[in-house]
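Read through the structure below, which is laid out as C-alpha cells, and then see the notes.
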Amino acid sequence: MPQSGVVINHYLDREVIIMGIKYLEKQRVFKLDAGQTSYVIGVVDDEGFLGHVYFGKRIPDQYLPVESFLRLNEWPQVPSRNNRERLSFNDAFPTEYSTFGQGDFREACLAVKDAHGHSVCGIKYQSHRIYAGKPRLKGLPATFGSEEETTTLEITCKDEILNLEVVLVYTVFEKLNAITRSVRIRNQSQAPIRLTKALSACVDLNGNDYDIISLHGSWARERHVQRMPVGLGKRVLSSVRGESSHQCNPFMALAARETTEDSGEVYGFCFVYSGNFVGIAEGCQFSTTRVVMGINPEGFEWLLMPEEEFIAPEVIMVYSDQGIGKMTRTFHDLMRGHLIRGQYKDRKRPILINNWEATYFDFNTQKLLDIAREASKLGIEMLVMDDGWFGRRNSDNCSLGDWVVNEDKIQGGLNYLVNEVNKLGMQFGIWFEPEMISPDSDLYRAHPDWCLRVPDRTPCLSRDQYVLDLTRPEVVETVYAMLSNILKSANITYVKWDMNRPLTDVGSAYLPPDRQGEVSHRYMLAVYEMMERLTSDFPHILLENCSGGGGRFDAGMLYYSPQIWCSDDTDAIERLEIQRGTAMVYPLSTMGAHVSDCPNHAVHRTTPFETRGYVALAGTFGYELDVTRIPEEDRALIPSQVALYHRFNDLIRQGDYYRIGSYAENHVYDCWAVVSKDQTEALVTYIQVLHRPSFKNQRVRLKGLNPEYYYKDAETGEVFSGSVLMYGGMTMTGIQGDFKGKLIHLVRVEPEEL
Ligand code: DGJ
C-alpha cells in the first residue's frame, strides 16, 4: 500500500495505459486524456478516498501536483494523519462522487435509507478496470464508440457498512474533448437498501468565480440562453415534469468569467436523459465549485433488493479552452458520430410537409391529397399526417389511446391514402401520441386504472388528457400493438412521436407502495424500451420526437430519433433565439424546423417567405402550411428553397457551426455560419431583425474559415481572403427592411484561379 498523500510522479515504476486512460500505480492516479483534455482522479489515504485532481486542458503525465491539488498538504489533512478532524477533511476534499451524512455538507450525489432507517453512507476505492471500448447502459440511451475510438475506466467503490457497491464509469473519446460518466449501484447486502438520491456525476472545480450558462423557456419559447454568475451557494437547474421540459434543458455550462464565444475556458455538462433531472452548481466555502447532475431526487426513491443494481444515466462532459463555440462543436461532433443511430444518422432527410398548421383537425383524404399533389409539384418529398386521423378525434379533447383510423375522415382507408401519396412520388409519415389517454376514449372506458394516478385523488387533466401508466407491461403491449398494426398496414416511412403534457399524479396501481418512488424513472425506461422496439422493428422509419413543440429536446431522445421538433413557434424571428439556444448543444441536423404561413400562428408576425426559408434551412427543413392556399408569390419560391436545401444540406448537417452574431445581444441581426470540415466551403446566414439606418454597411467578422485560403462569393463572384473575412469582416449590403436576410455561399478558390 503506498504511503498516503505521496505526490511526485517521476518515480513511476509501473504504468497501466490503454489508449486514453492511464493508471499511474505508484501515485494511485488515474489520468484520462480525451482529445486535448485531461481529467485526473487520485486515490488517497489508507482508506481509499477518491479525489478529483484536475479537469481541463491536456497536461503531461509527469510531475502532477496531486497532493496540493487534492488539498492534502494543508490542514485538516487526511484522516490517517489527523483523524480528529475527519469531518473537516470530508467537507473540504474534492471528491469524485459525493455521499450524504458524514461531513461533506456540499451537494451529495448518493443518499440512501437503509434497513434501519438511516441515511448515512460513504464510499471508498476498492479496485478498477480499464478497457478499450464503451459499454452499453442497459435500458438507457448513451453515447457509443468502438474500441479504437473509446477507452473506459470503471472504478469500483464500496460502502463497507451497507455493503453497497458503487461503480463509477468513465469513457474517454480519443479524438474529442469529451468524457462520459455514469454510475452502477449494487446492493451486496442481505437487506433491502432504498436509494433516495443517485446522481450521475460530480466534479469539484477549482475556484468559485464561474458563470453558469443554461437554456430556459416555456412552451413556444424553448431554450433561450441565460448566463449569470454562480457565486456562492447553489444555482439549481431542474425538471420535475416527468420530461426534460420546455422550461429548463438538461444542460449546463460553467464558464470562466472572461470566456466568450471564441476564447476562454468552459465546461459543458449534458444529461443523456429525458425525464426529471437536476443540475446544480454550488460555489463552496474553500474556493471550489461543485457541479452535480443526475435524476432529480425530488419524488425519487429506488428500492434495491439484495443483488439488484441501479444504473444512473449518462452525463457527457465537454471541455473547451476556445470558448463556448468550441464546446458546441464538440457536442455536435459527439452527438452526430456517437449518439444518433439508425439509417438516417448520416443521411439527408426527406423534405416534408406537415398538415398541422395547415388544417389542424379539419382534414380528410381529399384535403390531404390536395396538399400532397401541390407539394409534389414543388419538390416536397413527404406528406406527414398530424394529429386527428384516429378514433373520433376532431379536437384535442378525445380519442388518445384509440389508435384506429377514422375512416369518416380518411375515406378509403389509410392504405389508400398512402398509396395515392406514394403515386405522387412522395413518402408518407404519421403522428402518434403513444404515452397518453383521453378520458373520452374507448381505451379509458375499458381501463380507467391505466393512467397515472393516486387512489382517491382526481388526476389533473392537461389538454384534456391523462398520462398512461407505462410501468404496467400490459399498457405498453396494448399501445405498441396498436401502433405497430398501423405502421404495418401501409407504406409509412416516418413517425412523429408527440407528448403533449407533463406528468402529474405520479402513482401506479401496478407497483407496490414501497416502489411508488420509482414510477417516474420506470416510466422513462418504458418510453425508451418502446422507442427501441419501434426503431428496431421498423428500421426504415424516420422517427421525429416532439413534446408540445420542444419539451423533450434532449440527448436521451436523440439516441432513438435523429431529429426533434424544436418548437411550436415557427415564426422565423422567434426561431432565431430558440435555434441559437438549441444549437448550443444539439446539432443542426437534429432541429426540426419548418417554413410556415403568415401571419404566424404563434406570434401573428409577418416575415418574408425567403427569411422563413433561411431560418428553417438551419434545421431539418420542411413546410408546415396549406400549400394550396398560401399566396402565389410564396408558393413560387418553394422550388428554389427546395433547391437550396439539396445544395446545402450536406454542409449544414455535417459542417462546423459558428455563432457570429445574435439579435438577443446586438439588437440588430443574427448571423451564423456552417463551415465544411476541410474549410473549403462555408454557408453564412445573415438575418436583419431590425433595420437601423445607422447600421448601413454592417460589417460582420466571419469565423471558422482558413485565414490562408481565398474564398469566392458564389453569387457575386467576388473573392476575399479568409483572413480579411475573419479579421476585417464581410459587409452585409443590400438588405433593406426588418426581417430581411441573405445567404452567402463561400467557396475556396485555388491560387491559380485567382
Ligand atoms: C404539438 C406539436 O408540437 C404540434 O406540432 C402538433 O403535432 C400538435 N401537438 C398536435 O396535437
Side-chain angles (χ1 to χ4, degrees), residues 217-223 241 243-247 249 274 349 352-363 367-368 371 382-403 406 409-410 428-438 440-441 461-468 483 486 492 494-502 542-554 557 561 563-571 574-575 578-579 582 590-597 600-603 612 616 619-626:
S218 181
W219 172 76
R221 182 167 43 84
E222 296 88 342
R223 290 172 296 286
R241 293 166 187 269
E243 59 176 346
S244 46
S245 86
H246 300 80
Q247 289 73 12
N249 196 256
S274 314
R349 324 276 160 74
L352 64 84
I353 183 160
N354 178 304
N355 74 308
W356 179 241
E357 287 193 24
T359 65
Y360 295 103
F361 294 100
D362 183 17
F363 63 88
K367 179 77 213 160
L368 293 176
I371 292 176
M382 176 188 277
L383 175 78
V384 174
M385 178 172 70
D386 210 280
D387 192 356
W389 55 266
F390 52 93
R392 290 178 297 99
R393 189 144 166 111
N394 292 313
S395 89
D396 61 11
N397 64 2
C398 71
S399 297
L400 293 172
D402 297 344
W403 300 109
N406 177 353
K409 283 167 101 169
I410 310 303
F428 186 88
I430 195 166
W431 178 98
F432 285 102
E433 194 175 357
E435 300 161 62
M436 298 293 154
I437 182 164
S438 307
D440 181 5
S441 66
L461 280 167
S462 175
R463 211 194 192 207
D464 241 327
Q465 62 199 58
Y466 294 138
V467 182
L468 280 168
L483 241 72
I486 296 283
I492 296 169
Y494 163 106
V495 165
K496 178 173 170 186
W497 180 308
D498 205 347
M499 189 241 190
N500 280 301
R501 59 155 292 175
L542 169 59
L543 182 62
E544 173 157 348
N545 258 284
C546 172
S547 175
R552 214 158 54 177
F553 206 120
D554 57 65
M557 284 293 144
S561 61
Q563 59 193 55
I564 303 175
W565 184 229
C566 212
S567 177
D568 276 345
D569 192 338
T570 53
D571 171 66
E574 286 293 294
R575 274 292 181 124
I578 294 170
Q579 294 183 189
T582 307
T590 67
M591 295 196 308
H594 296 166
V595 174
S596 62
D597 200 7
N600 179 268
H601 293 197
V603 297
R612 289 176 251 162
T620 54
F621 194 74
Y623 292 87
E624 185 100 10
L625 40 72
D626 185 346

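Treat the numbers as computed from the prediction; the structure is a model and nothing was measured. Numbering of ligands and ligand atoms starts at 1, following listing order.
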- Which ligand 1 atoms are under 4.0 Å away from a heavy-atom of Gly548? 1 (C), 3 (O)
- Query: In the protein, what heavy atom is nearest to atom 3 (O) of ligand 1, and what distance, to one decimal place, separates them?
  - Reply: Asp568 OD1, 2.5 Å
- Query: Counting only heavy atoms, which portion of Asn500 has something under 4.0 Å from ligand 1: side chain, backbone, both, or neither?
  - Reply: side chain
- Task: With Arg575 as the cation and Trp565 as the aromatic partner, state whether NZ or CZ is under 6.0 Å from the six-membered ring centre and within 45° of the axis.
- Result: yes
- Evaluate the side-chain proximity of Leu542 to Gln563: yes if any heavy-atom separation is below 4.5 Å, no if none is. yes
- Ring centres of Phe361 and Trp356 under 6.0 Å apart? yes
- Report yes if some heavy atom in the side chain of Asn355 is under 4.5 Å from a heavy atom in the side chain of Lys367; otherwise report no. no
- Query: Which heavy atom of Asp554 sits nearest a heavy atom of Ser274, and at what distance?
  - Reply: OD1-OG, 2.7 Å
- Which ligand 1 atoms does Cys546 reach within 4.0 Å, using its non-hydrogen atoms? 2 (C), 3 (O)
- Query: Looking at Trp565, which atoms of ligand 1 are within less than 4.0 Å of one of its heavy atoms?
  - Reply: 3 (O), 5 (O)
- Considering only non-hydrogen protein atoms, determine which one is nearest to atom 11 (O) of ligand 1 and report residue, atom name and distance to 0.1 Å. Asp387 OD2, 2.7 Å
- Query: Within the structure, does Phe361 bring an N/O atom to less than 3.5 angstrom of an N/O atom in ligand 1?
  - Reply: no
- Would Glu624 and Thr570 count as having a side-chain donor-acceptor pair, cut-off 3.5 Å? no
- Query: Can you find an N or O of Trp356 that's nearer than 3.5 Å to an N or O of ligand 1?
  - Reply: no
- Could you tell me whether some N/O pair between Asp386 and ligand 1 is separated by less than 3.5 angstrom? yes
- Give me the ring orientation class for Phe432 and Trp389: parallel if the planes are under 30° apart, tilted from 30 to 60°, perpendicular past 60°. perpendicular
- Lys/Arg N to Asp/Glu carboxylate O, Asp402 vs Arg393, below 4.0 Å: no
- Query: Heavy-atom contacts under 4.0 Å between Arg393 and ligand 1: side chain, backbone, both, or neither?
  - Reply: neither
- Part of Lys496 within contact of ligand 1 (heavy atoms, under 4.0 Å): side chain
- atom 9 (N) of ligand 1: nearest protein contact (heavy atom, Å): Asp498 OD2, 2.7 Å
